[in-house]
2 protein chains.
Amino acid sequence: MSVRERKERERAHRHRLIVSTARELAETHGWDAVTTRRLAEQIEYSQPVLYSHFRGKKEIVGAIALEGFAELTTALRAAAPEGPAGREAVAALARAYIDFAARNPALYDAMFSLDNGLPFADEATPAPLREAFQALVDPLVDHAHPDEPGLFVETFWAALHGLVTLTRAGRLPADRAPDRLTLLVDRFVPR
Amino acid sequence: MSVRERKERERAHRHRLIVSTARELAETHGWDAVTTRRLAEQIEYSQPVLYSHFRGKKEIVGAIALEGFAELTTALRAAAPEGPAGREAVAALARAYIDFAARNPALYDAMFSLDNGLPFADEATPAPLREAFQALVDPLVDHAHPDEPGLFVETFWAALHGLVTLTRAGRLPADRAPDRLTLLVDRFVPR
DNA sequence: ACTCGATGCTAGCACCGCTAGACAAAGGAG
DNA sequence: CTCCTTTGTCTAGCGGTGCTAGCATCGAGT
């Protein structure tokens, strides 16, 4: 049975290779450059091989998005370690979110802008998505109305997401982004 | 010279026909269904005719987006007529924004999600865009820090935009959207 | 050593945005 | 009224996209 194990190992390796290559291609040349042909050429296999690992391009984006949620969770937890979270901790959390989006624009798009086929706000939501949301909830829960912590976090998150997308699309002047973040935190967590 | 005038009139008419047909196609079947082939067939001309009116598909999206900004201005002005704007007026303004996006999803995408080639936050920004932003500024200016009214409006707008996109993409549960809006207004305009 | 199933390939489908070049219709000049 | 030029539209096609049918090859198990 060792042969089958080796094949499965190789297959898993190629699976990861596809995801990481697609992600790198997206991050360096934009999502437009991520075509099945280019991706196949980069991994040195033919196009149909991709379809033996993924149902289609959308599923590749979904796999990358999943990586993104795990990394976002790490970034948020690092910014706001456990314990009571004062205003400064919330500001750090918000900054971590914005920075994550700025540092990984293509990844952020895979998570929130592109069609990645992942189910949201629904019982089938994958664990990494729930964890990322939870990483946002924990430091914020003290500042929310006790009856509706979810509502508070959802709204704060939406505001952060709006800042990210509008700033990156050039809809808002980039130089004042930090000021907008401060203003937002002040409104949600009054001094 | 009457002949030339007639031709120009016909040309302008066809120009509007292209824009309205593309918009209707997008609103009824989604932007994916708006291809140059389908659009050409709908207006009963061949594809190259489109390129005698617009530099490319992006410019058609841009024309539709421009319509959208004009209509958004109208909707916002209707929701918050002139005069001092209390908390209720801000809530009405926010509701008008959200409702506009909900009623015209494809239009909203043309304005903010798709690549429409329009310049933002820059001296070349077309008038309708400035006016739409101004329609947001006027009722809000009393609630902002006097030094930085723009910053306040930008942040509030970003929050609204975030709510719109995340809710419509199914990232946030739709049934609690009104509650999130109330929460947002409460945070930005304390009772 | 041979069979046969797994696996990856070539080739091709239907579609995309966009354009070159042929062609017809229509206006002005003689 | 005829000819010529200009203007406008169409057909056909280019290079690209995501995706797949069907063949060929290779290697594992008997």
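Protein chains get the first letters and strands the later ones, always in sequence-line order, with residue 1 at the start of each.
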Open item on the list: Whole angstroms only, please: what is the CD1-P distance between B:Ile18 and D:dT9?
Closed with: 10 Å
TODO: Just call it for A:Arg11: base, sugar-phosphate, or nothing, with non-hydrogen atoms closer than 4.0 Å on any strand.
DONE: nothing
Open item on the list: Can you measure A:Glu41 atom CD to D:dT17 atom C1' for me and round it to whole angstrom units?
Closed with: 16 Å
- [ ] Measure the distance from OH on B:Tyr51 to C1' on C:dG21 and round it to the nearest whole Å.
- [x] 17 Å
TODO: Nearest-nucleotide wise, let me know which of B:Ser46 and A:Thr36 is further upstream toward the 5' end of DNA chain D.
DONE: B:Ser46
Open item on the list: Salt bridge or not between A:Glu88 and A:Arg95? Use side-chain N to carboxylate O under 4.0 Å.
Closed with: yes
- [ ] Just compare C:dG8, C:dG17, D:dT9 and give me whichever is closest to any side-chain atom of B:Val49.
- [x] D:dT9
Open item on the list: Rounded to whole Å, please give me the gap between NZ in A:Lys57 and P in D:dT20.
Closed with: 15 Å
- [ ] Report the nucleotide, chosen from C:dC18, D:dC19, D:dT11, that has the shortest atom-to-atom distance to any side-chain atom of A:Arg37.
- [x] D:dC19
- [ ] Select base, sugar-phosphate, or nothing to describe what A:Arg55 touches, counting heavy atoms under 4.0 Å on all strands.
- [x] nothing
TODO: Round to a whole Å and report the spacing from CD1 of A:Ile60 to P of D:dG18.
DONE: 9 Å
Task: Candidate nucleotides D:dG18, D:dT20, D:dT9, ranked by approach to the side chain of A:Pro48 - the nearest - done: D:dT20
Open item on the list: Between A:Arg187 and B:Asp186, does any NZ, NE, NH1 or NH2 come within less than 4.0 Å of an OD or OE carboxylate oxygen?
Closed with: no
Open item on the list: So for B:Gln47 and D:dC10, does any side-chain atom that can act as donor or acceptor lie under 3.5 Å from a complementary atom in the base?
Closed with: no
- [ ] Take the protein atom CD of A:Glu44 and the nucleotide atom C1' of C:dG8, then report the distance between them rounded to whole Å.
- [x] 14 Å
Open item on the list: I'd like to know if B:Arg14 pairs up with B:Glu44 as an ion pair, taking the criterion as any Lys NZ or Arg NE/NH1/NH2 lying under 4.0 Å from an Asp or Glu carboxylate oxygen.
Closed with: no
Task: Rounded interatomic separation in angstrom, taking CG from A:Leu50 and P from D:dT17 - done: 13 Å
Open item on the list: So that I can tick it off, tell me whether A:Asp32 and A:Arg38 are bridged by a salt bridge, with the cut-off set at under 4.0 angstrom between side-chain N and carboxylate O.
Closed with: no
Task: For B:Thr125 against B:Phe120, the heavy-atom pair lying closest together - done: OG1-C, 3.5 Å
TODO: Taking only Lys NZ, Arg NE, NH1 and NH2, and the carboxylate oxygens of Asp or Glu, determine whether A:Glu71 and A:Arg77 approach each other closer than 4.0 Å.
DONE: no
Open item on the list: By the 4.0 Å heavy-atom rule, please label B:Thr35 as base, sugar-phosphate, or nothing.
Closed with: sugar-phosphate
Open item on the list: Just to be sure I understand the rule, does B:Arg38 reach a base, reach only the sugar-phosphate, or reach nothing, if contact means heavy atoms closer than 4.0 Å?
Closed with: sugar-phosphate
Open item on the list: A:Glu131 vs A:Thr73, test: side chain to side chain donor-acceptor pair (under 3.5 Å). Steps then yes/no.
Closed with: CA-CA 7 Å; A:Glu131 283 162 27; A:Thr73 303; 5.1 Å; no
- [ ] For the pair A:Tyr97 and A:Phe112, name the ring-plane relationship: parallel under 30°, tilted 30 to 60°, perpendicular over 60°.
- [x] tilted
- [ ] Report the nucleotide, chosen from D:dC10, D:dG18, C:dG8, that has the shortest atom-to-atom distance to any side-chain atom of A:Tyr45.
- [x] C:dG8
Open item on the list: When the axes are fitted on five pairs at both termini, how much does the helix from C:dA1-D:dT30 to C:dG30-D:dC1 curve, in 10° steps?
Closed with: 20°
TODO: Report the distance from atom NE2 of B:His53 to atom P of C:dT19, rounded to the nearest whole Å.
DONE: 16 Å
